[in-house]
Protein chains: 2
Amino acid sequence: MSVIAEGKLKLLDAALKLIPRSRSLTSLGLRELAREAGLNPNTFYRHFSGIEDFGLFVLEHVAKEVKQQVRLLRKTAASQGQATQDTVGFVFGYFLKNPAVVHVALQELHGASPRLRQAMRDQLDASAREMAEDVMERGLAPGLAPDAVHEISRNTIRHVLMRGFDYIECPAQRDAIQAETERFILRQFVGAIAEQEAPDIMARLQQRG
Amino acid sequence: MSVIAEGKLKLLDAALKLIPRSRSLTSLGLRELAREAGLNPNTFYRHFSGIEDFGLFVLEHVAKEVKQQVRLLRKTAASQGQATQDTVGFVFGYFLKNPAVVHVALQELHGASPRLRQAMRDQLDASAREMAEDVMERGLAPGLAPDAVHEISRNTIRHVLMRGFDYIECPAQRDAIQAETERFILRQFVGAIAEQEAPDIMARLQQRG
DNA sequence: CCCGCTTGTATACGGCTGTATACTTGATTA
DNA sequence: TAATCAAGTATACAGCCGTATACAAGCGGG
């Protein structure tokens, strides 16, 4: 036991292959999947009760892979002094090699299945927590309240995911997108620190609320 | 002429009614739409060549309505000194009354149809330009480069849309989401100004890149 | 050795879908 | 008033879909 059946893996691969075309995962046809996997449609039922069940399985698999990448990223970042642009570059590079990750994430995050949405949210929150920890441990945001770091991390994760989509889609603008994303991240941290420590700037914007 | 046929409007209404359930718009069945509209399936073909064509029509309609809301918002904002929280509250209130707008926007923005994606992008960019103009005309971001204002506006529009989804979905956390969104917007502007004018803060973060 | 379990297959059925063809109706307009 | 045309309907058909039932092959443990 504990070894995953061949057909189950084939269905997973088929899904990852089909997602860039059809997006939503929940809208993937069961027969379509089986066809792509070279299996009989009924094999699907040997492993999953329905499409949503299958979706959770796919999500779980993707999440595992992403976590592994994050761990790798943190390791290399800890050894050498890693800059924001290197990190963003690493992530976008990963997205480019695994577009299905981005597609499925964005799709299910706003998709029709509440269970898949929740699973995606949980996954993104976990990534955000990991990022926040990393930022704090490495002292990258000196003097910033932990709550603020967590909030910024959550915003950043989502934003990077969205821009990752653009990055995949618009090859001609990749440098610009990466630069914008880096500015975005930096601005959030700078803004949060200035909120605490530069009352003059805050005073000037006060009329906005 | 120039008056829109009854069936065409009925199909539009049906789509807006069905979108919250099925999301993606492109995945709406043609028969499903006709059923909801109380029409014969073939009536669809009297007005549209296919689902994508129909999607563009729906998007166009939604865009028109949103633009109208934005104009209304700018008017009331100009008369009384409008604060960020009022603006965010107004937008989220609108989203709450028209959830289909948020759903269709997020879905098609990352959806499978390139034409619909492009249409959504264009629409969001237009909204961002309008926001940027507003910010600059009202002098809300003193001393900030126009390019920066535009960039921040683009980021803000997307972010507000995403959080609008959460706002609709999680009634228990609406206040928190609104507060976070306001902080997000403020931080971007503060951060951009500090980039230009508070070199000490920048120096402290310099090691991040 | 054979029983039972897991994995995969074959066939089949009803339902829904997109779409083609042909008909009705009601308004416009020449 | 008669012709034209847009808008909506009726019927029909082939194709795909999810799923139910029944069967086959491999494999581990008694």
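Quantities reported herein were computed from a predicted structural model and do not represent experimental measurements. Sequence lines set the chain letters: A, B, ... in the order given, protein chains first and strands last, and positions in each chain run from 1.
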Under-4.0 Å side-chain N/O to phosphate OP1/OP2 contact, A:H47 with C:dG8: yes
Distance in angstrom units between A:L39 CG and C:dA10 P, rounded: 11 Å
B:D13 with B:K10: basic N within carboxylate O range, under 4.0 Å: no
Interatomic distance where CG belongs to A:L28 and P belongs to D:dC16 [whole Å]: 17 Å
Separation of atom CZ in B:R46 from atom P in C:dT21, rounded to whole Å: 12 Å
Candidates C:dT7, C:dG18, D:dG18 - which lies nearest the side chain of A:L30: D:dG18
Polar side-chain contact A:N42-C:dT7 base: donor and acceptor under 3.5 Å: no
Interatomic distance, A:D53 CG vs D:dT19 P [rounded to whole Å]: 12 Å
Of B:G7 and B:R31, the one whose closest DNA chain D nucleotide lies more 5': B:G7
Interatomic distance, A:Y45 OH vs D:dT21 C1' [rounded to whole Å]: 13 Å
Near-ring test B:F184/A:F184, centroid separation under 6.0 angstrom: yes
Protein-nucleotide distance (A:F44, atom CZ; C:dT7, atom C1'), rounded to Å: 15 Å
Side-chain N or O of B:R35 closer than 4.0 Å to phosphate OP1/OP2 of C:dC16: no
Closest to the B:P41 side chain, choosing from D:dA22, C:dT19, D:dT9: C:dT19
Per B:E32 side chain, nearest of listed nucleotides C:dT9, D:dG8, C:dT17: C:dT17
Validation row, ring centre A:Y167 to ring centre A:F95 under 6.0 Å: no
Check: A:E65/A:Q69 side-chain N/O donor and acceptor closer than 3.5 Å: no
d(CZ, B:F48; P, C:dG18) in whole Å: 15 Å
Separation of atom CG in B:N40 from atom C1' in C:dT17, rounded to whole Å: 14 Å
Carboxylate-amine/guanidinium contact B:R121 A:D166, below 4.0 Å: yes
